[in-house]
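Lettering follows sequence order; numbering is per chain, from 1.
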Amino acid sequence: MLDIREIRDNPEHVRERLATRGEDFAAKVGDVVRLDAERREAITAVEELKARRNSASKEIGALMGQKKTEEAEAKKTEVRDIGDQISALDSQAAQADDELRDILLRLPNLPHADVPVGDSENDNMEIRQWGEKPNFDFEPKPHTELCDSLGLVDFARGAKLAGSGFLLYSGWGARLERALIQYLLDLHVHNHGYTEVSPPFIVGYDCMIGVGQFPKFEDQAYMVQEGLDEESRGKLYLVPTAEAPVANIHREELLKAGELPKNYCAYSPCFRAEAGAAGVGTRGMIRVHQFDKVELIKIVEPETSYDELDKLLGHAEKVLQSLNLHYRILQLCTADMSFGSATTYDIEVWAPGQGDYLEVSSCSNCEDYQSRRMNLRYKDDDGKNRHPHILNGSGTALARLFVALIETYQQPDGSIAIPEPIQPYLRADRIPAS
RNA sequence: GGAGAGAUGGCUGAGUGGUUGAAAGCGCUCCCCUGCUAAGGGAGUAUAGGUUAACGCCUAUCGAGGGUUCGAAUCCCUCUCUCUCCGCCA
């Protein structure tokens, strides 16, 4: 959520920054300014009346104490009128407040000044590459063929169980997936100093609001109903990312400055309905409704957040470097960044069988956008309450890492070599050709 | 799912309609005193919002929301969470 004070004091600036993400957003600034003024006007009026009522009520109390019942009764009728005015004005103020809040919740974060302005993903900027595309003296197969021939993923039966977009990993495939999860968690916990958490995979509506998924993207989530109780709908959702529970761990808390930074890492499956996206690149494991991911979350003091973003990105890169997988890093342009982000870097890993790069990580600094939404604050060294900056990054997404790994390490004989760091987790140095 | 108990400021914990934003204690901060790592005295110590150039003033908040009333931490209703016991269950 944007800072209402900044909008109030500097509407033109906010309008310009929002316009880089889309004119529709910029157009809302005028409404915000108007509603904010209405709201404050109503509040001032209400509070003045309430002050009058409070002092009159005290007088009544005093009169009652002195047994001056008649005077007290006269006073009561007088105050009753004030009460009626208050409730009328109160609802006016509440209405302006609701409308204002609703608009604010639907406005994205302001992009950082350094973010390239663009209209689509085509305007994203490549920052750097690492490693090189591997050479093959045979035609590398796509992961779908490898999965079929080695029995790593049973696409047909996965679809039978839950519909298209759901995977049934089996045998070596299931073991490799598990090995990767374990490896990533250990890497971030032991080498990068993150605190591991294992969150609920279902979260309440407020968590989704907190990270900016809701209210705008409710159509992308899986809603959970308890049994046959339709009343329960709209309360719980399958997590689209571990960011939803983990970034909300300290929601509505007031942390002490010394408690920051908080560095969390968590594994979770991620559930994405992707309504309306069906049919687009859906074959195989690249775009699915459920995938595994290890997520990194940082809650930090504002002054440090861009340094922390660099670290976060480095930690995610380390995953690919340690597995010797070629990748590139993009800085997303204003139009392609997620809703709450002020700056985002994507990591795309090379998948030889696809002949393309696959997004496996998105590292974002949301600044105070999320902490304001979830009312998370910390008391700084001067005793002032401030909103910390919240960062998130995939470290990394798994289905696609799996794809890049098996496509990169496929051998002429049909087997798959396993990079050294994974071997102890898989208890094998290759997946044998069947 | 059934029965019961509870939710008050950083913590402990009073408070059943009228200067209670909230006693007391602890903790913390500052000051004073004290010739020594002790004790004592004093002051301060929530959050959000509105208003003001500022000092300040005002409003709201005692789990959440609604109601009764001139006035609610205190009475009524609904909900949430926690604890104990029972049932069911991986």
With a 4.0 Å limit, can you tell me whether [X] has a side-chain N or O closer than that to the phosphate oxygens OP1/OP2 of [N]?
| X | N | answer |
| --- | --- | --- |
| A:Arg53 | B:rG71 | yes |
| A:Arg5 | B:rG49 | yes |
| A:Asn54 | B:rU59 | yes |

For [X], answer base if it contacts any base atom (sugar-phosphate contacts may also be present), sugar-phosphate if it contacts only those atoms, and nothing otherwise; contact means non-hydrogen atoms under 4.0 Å.
| X | result |
| --- | --- |
| A:Lys75 | nothing |
| A:Lys379 | sugar-phosphate |
| A:Ala51 | sugar-phosphate |
| A:Arg8 | sugar-phosphate |

Modelled atom types, side-chain donor and acceptor of [X] and [Y], under 3.5 Å:
| X | Y | answer |
| --- | --- | --- |
| A:His389 | A:Ser305 | yes |
| A:Gln354 | A:His143 | yes |
| A:Glu252 | A:Asn375 | no |
| A:Glu317 | A:Tyr345 | no |
| A:Ser361 | A:Thr396 | no |

Among [options], the one nearest [X] by side-chain distance:
| X | options | answer |
| --- | --- | --- |
| A:Arg80 | B:rU69, B:rG49, B:rU59 | B:rU69 |
| A:Arg377 | B:rG50, B:rU47, B:rG18 | B:rU47 |
| A:Arg39 | B:rA48, B:rC70, B:rG49 | B:rG49 |
| A:Ile60 | B:rG49, B:rG18, B:rU51 | B:rG18 |
| A:Glu47 | B:rC58, B:rU47, B:rC70 | B:rC58 |
| A:Lys50 | B:rG50, B:rG18, B:rA60 | B:rA60 |

| field | RNA chain B: stems of at least 3 consecutive Watson-Crick or G-U pairs whose donor-acceptor distances fall under 3.5 Å | value | B:1-7 with B:80-86, B:10-12 with B:24-26, B:27-32 with B:40-45, B:46-51 with B:56-61, B:63-67 with B:75-79

| First of A:Glu41 and A:Val46 reached from the 5' end of RNA chain B, by closest nucleotide | A:Glu41

| message | Both A:Ser55 and A:Asp36 contact RNA chain B. Taking the nearest nucleotide for each, which residue is further toward the 5' end? | response | A:Asp36

Report yes if the side chains of [X] and [Y] come closer than 4.5 Å at any heavy-atom pair, otherwise no.
| X | Y | answer |
| --- | --- | --- |
| A:Lys318 | A:His192 | yes |
| A:Phe402 | A:Leu152 | yes |
| A:Asp346 | A:Cys363 | no |
| A:Gln220 | A:Pro240 | no |

Would you tabulate the nitrogen or oxygen pairs shorter than 3.5 Å linking the protein to nucleotides 75-77 of chain B?
none

Please report the distance separating the [atom1] of [N] from the corresponding atom of [M], rounded so that it comes out in whole Å.
| N | M | atom1 | value |
| --- | --- | --- | --- |
| B:rG21 | B:rA60 | P | 10 Å |
| B:rC26 | B:rA14 | C1' | 15 Å |
| B:rC77 | B:rC85 | C1' | 27 Å |
| B:rU20 | B:rG56 | C1' | 23 Å |
| B:rC62 | B:rA22 | C1' | 8 Å |
| B:rU80 | B:rC28 | P | 40 Å |
| B:rU69 | B:rC75 | C1' | 10 Å |
| B:rA23 | B:rC55 | C1' | 30 Å |

| Are the aromatic ring centres of A:Tyr183 and A:His188 under 6.0 angstrom apart? | no

Specify the separation, in whole Å, of atom [atom1] of [X] and atom [atom2] of [N].
| X | N | atom1 | atom2 | result |
| --- | --- | --- | --- | --- |
| A:Leu49 | B:rC70 | CG | P | 17 Å |
| A:Lys256 | B:rG27 | NZ | P | 16 Å |
| A:Arg101 | B:rA48 | CZ | C1' | 13 Å |
| A:Asp97 | B:rG49 | CG | C1' | 10 Å |
| A:Ile82 | B:rU69 | CD1 | C1' | 15 Å |
| A:Lys58 | B:rG18 | NZ | P | 13 Å |
| A:Leu89 | B:rG50 | CG | C1' | 14 Å |
| A:Lys235 | B:rC81 | NZ | P | 9 Å |

| query | Which residues pass the salt bridge (Lys or Arg N to Asp or Glu O under 4.0 Å) test with A:Glu41, sequence neighbours left out? | reply | none

| Taking atom types as they are modelled, is there a donor-acceptor pair under 3.5 Å from the base of B:rG50 to the side chain of A:Glu48? | no

| query | Which heavy-atom pair separates A:Pro200 from A:Val239 by the least distance, and what is that distance? | reply | O-CG1, 3.9 Å

